[in-house]
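Note sheet for the following structure.
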Amino acid sequence: MKMDAKSTIEAGKAILGIEFGSTRIKAVLIDQDNKPIAQGSYEWENQLVDGLWTYSIETVWTGLHTCYADLRTDVNKKYGIEITSLASIGISAMMHGYMAFGDGEDILVPFRTWRNTNTGEAAAALSSLFVYNIPLRWSISHLYQAILNGEEHVKDIKYLTTLAGYIHWKLTGRKVLGIGDASGMLPIDPDTKNYSADMVSKFNGLIAPKGFSWKLDDILPEVLVAGADAGTLTAKGAEMLDVSGNLQAGIPLCPPEGDAGTGMVATNAVKQRTGNVSAGTSSFSMIVLEKELSKPYEMIDMVTTPDGSPVAMVHCNNCTSDLNAWVNLFKEYQELLGIKVDMNEIYGKLYNNALNGDADCGGLISYNYISGEPVAGLSEGRPLFVRSANDKFNLANFMRVHLYGSVCVLKIGNDILFNEEDIKVDRITGHGGLFKTKGVGQRVLAAALNSPISVMETAGEGGAWGIALLASFLVNNEKQLTLAEYLDEKVFANAEATEIAPTEEDVAGFNAYIENYKAGLAIEQAAVVNKKQ
């Protein structure tokens, strides 16, 4: 018998997903039909401390407590009840980065996020050693860079994990990681669904002269695929999640995953020949491959779906932050005139007006690099708007160029997949803040990738919903379906989506723009060299 939302929560049948994004921690509660029934959130920002981007451990837990408390408030407001038990829980977070722990289970150095680009020497050395592209932000790059730097804490490492793995460990006592997130620590062997044994061996040989008491396989979390047993919420973990003391222990948790994996799940893009683009503070595209790429590419990361299929990922450190900053100028101007501000209206008006601009942006160029952008070869960022006296400088082109700037780096990476590797994709789904204004972000991305772009009605639910679906897959998969089958049959069978195909004019315009953009990268490089942060 189907239960309503209140009865589902009271019976302990609701499922909780929590994702730690770059600017927001979000909790989503779903019912047995995988529909959201309550949510909570907490806004946070990374800090640049001693030249490295970080979030403090205290803020991590404050954010978790506050986000869950906000969820409890939403449940009480809607249904007049308290959450005491759940069917399952999933934890997700920004992928990659570096969290190293010692004997006392305390973090040895501040959490180093994916956003840091100080690992160039290590990433280059490991890419050469492994004959495999190792990105700057991957955990193994951070670890080896710390070794190259002679950092004192390295000898004391007992456990190395990601943010999602850390929170899951503290809630369950289990040192495990979902395979998608694990593939951002060290490359995964597609046959064994575990870290590449060859690369582990090579790394251990590389660091052997250092005489550390540990080997790489001693300190990495255990790799688990979607649907695997990842432990249960301990009594201590329940207290850490719910400071009110109402939540009971014993709730099963699915393997913790990265935001890339939850994005794939939330857009039903875990099958071969499907893909998704997440476009918010940062952006990334994920294309599920039918075959391995012919060779390593510095701009393309090889990761996996949450059930272990190979994925070509193009990750961009920057996306909408600079665009949002420009939009905020118009907000300030409106406030200066004494006009009431509605941010949805401001975004809607400016974004839609951008579609009236020239397809090539009239010669204007925008570099949205708040932080370094490895795909473009830049270790630091300098947001930059460039024009010459003869360019067509008007509001439509100004907004259009900043929309283009949000996806340019994504295009550069994906052009390799589509043009050089001849990768075929049946469907690409977009999600994230860029697509909030209906039709505009879709049209821009369709032009950039020369591919139809779909946006689902559920796209706004995001990664917290995606990890909740993985938690649902853990406990509600009675038919033993594959993850792709489960999503097709149980989640997206009746999902509504809108698709926008690229026009010839838009594609030609974007291709002309990208040539100007690449030629102008020398200007961006000069800004990095000559202007202090």
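Numbering starts at 1 and runs along the sequence shown.
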Where does the angle between the aromatic ring planes of [X] and [Y] fall among parallel (under 30°), tilted (30 to 60°) and perpendicular (over 60°)?
{"X": "Tyr369", "Y": "Tyr367", "value": "tilted"}
{"X": "His402", "Y": "Trp326", "value": "tilted"}
{"X": "His315", "Y": "Phe284", "value": "parallel"}

Report yes if the side chains of [X] and [Y] come closer than 4.5 Å at any heavy-atom pair, otherwise no.
{"X": "Asp259", "Y": "Ile467", "value": "no"}
{"X": "Leu241", "Y": "Leu64", "value": "yes"}
{"X": "Met456", "Y": "Phe492", "value": "yes"}
{"X": "Arg137", "Y": "Asn116", "value": "no"}
{"X": "Ile37", "Y": "Ile9", "value": "yes"}

Hey, are [X] and [Y] close enough for a salt bridge, meaning a charged N less than 4.0 Å from a carboxylate O?
{"X": "Glu524", "Y": "Arg382", "answer": "no"}
{"X": "Arg400", "Y": "Asp506", "answer": "yes"}
{"X": "Glu151", "Y": "Arg112", "answer": "yes"}

Looking only at heavy atoms, what is the nearest atom pair of [X] and [Y], with distance?
{"X": "Pro502", "Y": "Pro452", "value": "CD-N, 3.7 Å"}
{"X": "Leu403", "Y": "Val440", "value": "CD1-CG1, 3.8 Å"}
{"X": "Pro306", "Y": "Met264", "value": "CD-CE, 4.1 Å"}
{"X": "Leu163", "Y": "Trp44", "value": "CD2-CH2, 4.3 Å"}

- Query: Where the side chain of Asn133 meets the backbone of Tyr297, is there a donor-acceptor pair that is under 3.5 Å apart?
  - Reply: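 Checked: pair present.
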- Query: When you measure from the side chain of Glu257 to the backbone N and O of Ile91, does any donor-acceptor pair fall under 3.5 Å?
  - Reply: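 No, Glu257 side chain to Ile91 backbone: no donor-acceptor pair under 3.5 Å.
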Would you confirm whether the ring centroid of [Y] sits within less than 6.0 angstrom of the ring centroid of [X]?
{"X": "Trp61", "Y": "Tyr166", "answer": "yes"}
{"X": "Tyr98", "Y": "Phe111", "answer": "no"}
{"X": "Tyr517", "Y": "Tyr404", "answer": "no"}

Are there over 12 heavy-atom neighbours, none belonging to [X], within less than 6.0 Å of that residue's [atom1]?
{"X": "Lys78", "atom1": "NZ", "answer": "yes"}
{"X": "Asn419", "atom1": "CG", "answer": "yes"}
{"X": "Asn530", "atom1": "CG", "answer": "yes"}

